[in-house]
Undergrad: 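The structure under discussion is supplied below as structure tokens; questions concerning it will follow.
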Amino acid sequence: MTVWHIILIASIAVLALKLAGFTIPAAWAEKPTVARLANLLTVSLLAALIVVQTFGSARGFEVDARLPAVAVAAMLFSLRVPFIVVIIAAALVAAGIRALT
Amino acid sequence: MTDGIADGVAHRKRHPARSPEVSAAIRSSFAVGLAVAAYGISFGALAVAAGLDVWQACVLSLLMFSGGSQFALVGVLATGGTAAGGAAIASAVLLGARNSLYALRVAPMIGPGVAKRLLAGHWTIDESTAVSTAQPTLTSQRAGFWWTGAIIYVGWNLTTLLGALIGDQLGDVSQYGLDAAAAAAFLGLLWPRLKQLQPIVVAVGAAVVAAVLMPVLPAGLPVLAATLVAVAVGLTNWLGTRESDLAEAEPDPMGER
């Protein structure tokens, strides 16, 4: 599979899911289990992606400058700092630690 | 606002029939839309850092147009390369599943017409759903949906291109902390969803599962395995309440915080 295949298959599938919502019966949205699963699925994926992106490396699991950067990001999000500012701050923390060590 | 008098005077600029509700909806659209569109820069830069070229980054934003799914796809590709393609696709698609529920909520506002519904489907994301469902009248809901969708679609694609071009010039991304920025981006998408005990428990459980499996499974699979936590808790509704189900179904974009 090339990068283009991956991009096109995933994009078409994500688009199809959006369009499916316009065709399936509206009563589905009222089902609490469906709504709950969709929400918790999103939560679990995002939480796992945070871990993989923070600790992932060629050797499997590694603690480095990304961890303090994510900790700073968590602090800023809790203070309701805007998204783009937090992202830049996290990048600066990691870059700063790497420049100094 | 006395529209009758204003119309009589005929000096009321371009939109003599715009109600206060619609004006408020359009203001919300700009506030949310511009804030969200701005972080397309981080997506573009991260996509290039993950090994995509500028065109591939732009096609994702044009065609997939769902921030979480796009970040997930390039995140898995960044660690696993094309060998993790299947897991990258699965992560993006699972993360896009919530858009189906948003579409169900938005569909009644859009009305009939195939072309209109296709475009509305493409623009059904966290932010357009949140802004439109927050409006009091049908016309203001419609205005909120279309304005938010249009502003983010145009803005997100322009900033993706800009970010990809910047990322192309940067070279070694870890030097600039872009890998940490990606982790922070996922945290930002997760943060507004952690208002109840149930999602917090699922988030912690999924994080532990992913961390434990990372050294033993190929890239991408730990993320998919972590979704089993959501399925187990979701089906049994452990720690859940009827009220929390309804509250959690509400999209809550960062832009509105």
Side-chain angles (χ1 to χ4, degrees), chain A residues 1-7 9-11 13-15 17-22 24 26 28-29 32-56 60-61 65-66 69-70 73-74 77 80 82-84 86-87 90-95 98, chain B residues 38-39 42 56 59-60 63-64 66 69 72-73 75 79 82 85 88-89 92-101 103-104 107 117 121 124 176-177 179-191 193 199 202-203 206-207 210-211 214-215 223 226-227 229-230 234 245 248-249 254 257:
Chain A
M1 221 167 8
T2 67
V3 174
W4 273 120
H5 288 135
I6 296 165
I7 286 172
I9 293 169
S11 295
V14 168
L15 183 54
L17 277 173
K18 292 176 176 177
L19 295 175
F22 279 81
I24 55 181
W28 279 38
T33 307
V34 174
R36 188 170 59 236
L37 268 178
N39 178 61
L40 294 180
L41 211 52
T42 305
V43 167
S44 67
L45 282 162
L46 290 172
L49 284 164
I50 293 167
V51 169
V52 168
Q53 194 65 48
T54 305
F55 301 107
F61 194 95
R66 289 171 293 178
V70 172
F77 279 127
R80 295 176 166 259
F83 192 95
I84 188 76
V86 177
I87 303 298
L92 288 177
V93 169
R98 282 173 184 144
Chain B
Y39 70 78
S42 53
Q56 291 167 334
V59 166
L60 272 177
L63 201 55
M64 185 178 282
S66 189
S69 295
L73 188 88
T79 50
T82 49
I89 293 169
V93 170
L94 286 171
L95 210 40
R98 68 188 191 289
N99 290 327
S100 297
L101 292 185
L104 281 171
R117 285 170 85 87
T124 299
Y176 301 94
D179 48 352
F186 287 126
L187 185 62
L189 295 172
L190 176 63
W191 202 266
R193 297 177 177 276
V202 167
M214 270 168 69
V223 173
T227 61
V229 176
D245 287 339
E248 284 161 13
M254 288 70 56
R257 289 188 302 157

Undergrad: Which answer fits Ala74(A), side chain, backbone, both or neither, if we ask what part of it has an atom under 4.5 Å from a heavy atom of chain B?
TA: both

Undergrad: Picking from Ser100(B), Ser69(B), Ala92(B), Ala207(B), which has the most non-hydrogen pairs under 4.5 angstrom with chain A?
TA: Ser100(B)

Undergrad: Among Ala88(B), Ser42(B), Ala211(B), which has the most heavy-atom pairs under 4.5 Å with chain A?
TA: Ala211(B)

Undergrad: With chain B as the partner, which of Ile84(A), Leu15(A), Thr54(A), Thr42(A) has the greatest number of non-hydrogen pairs under 4.5 Å?
TA: Thr42(A)

Undergrad: Has Thr227(B) got a side-chain atom pairing as donor or acceptor with Val223(B)'s backbone, closer than 3.5 angstrom?
TA: no

Undergrad: Once side-chain hydrogen bond (donor to acceptor under 3.5 Å, both in side chains) is applied, do any residues pair with Ser66(B), and if so which ones, sequence neighbours excluded?
TA: Asn99(B)

Undergrad: Using the side chain to side chain contact (heavy atoms under 4.5 Å, CB included) criterion, which residues pair with Ala73(A)? Sequence neighbours excluded.
TA: Phe77(A), Val86(A), Ala90(A), Ala184(B), Leu187(B)

Undergrad: What part of Leu49(A) lies closer than 4.5 angstrom to a heavy atom of chain B: side chain, backbone, both or neither?
TA: both

Undergrad: Shorter than 4.5 Å, heavy atoms on both sides: which option in Ala206(B), Gly85(B), Ala107(B), Gly121(B) has the most such pairs with chain A?
TA: Gly121(B)

Undergrad: Less than 4.5 Å apart, side chain to side chain, heavy atoms only: is that true for Leu95(B) and Leu46(A)?
TA: yes

Undergrad: Would you find a donor on one side and an acceptor on the other, under 3.5 Å apart, between the side chain of Arg193(B) and the backbone of Asn39(A)?
TA: no

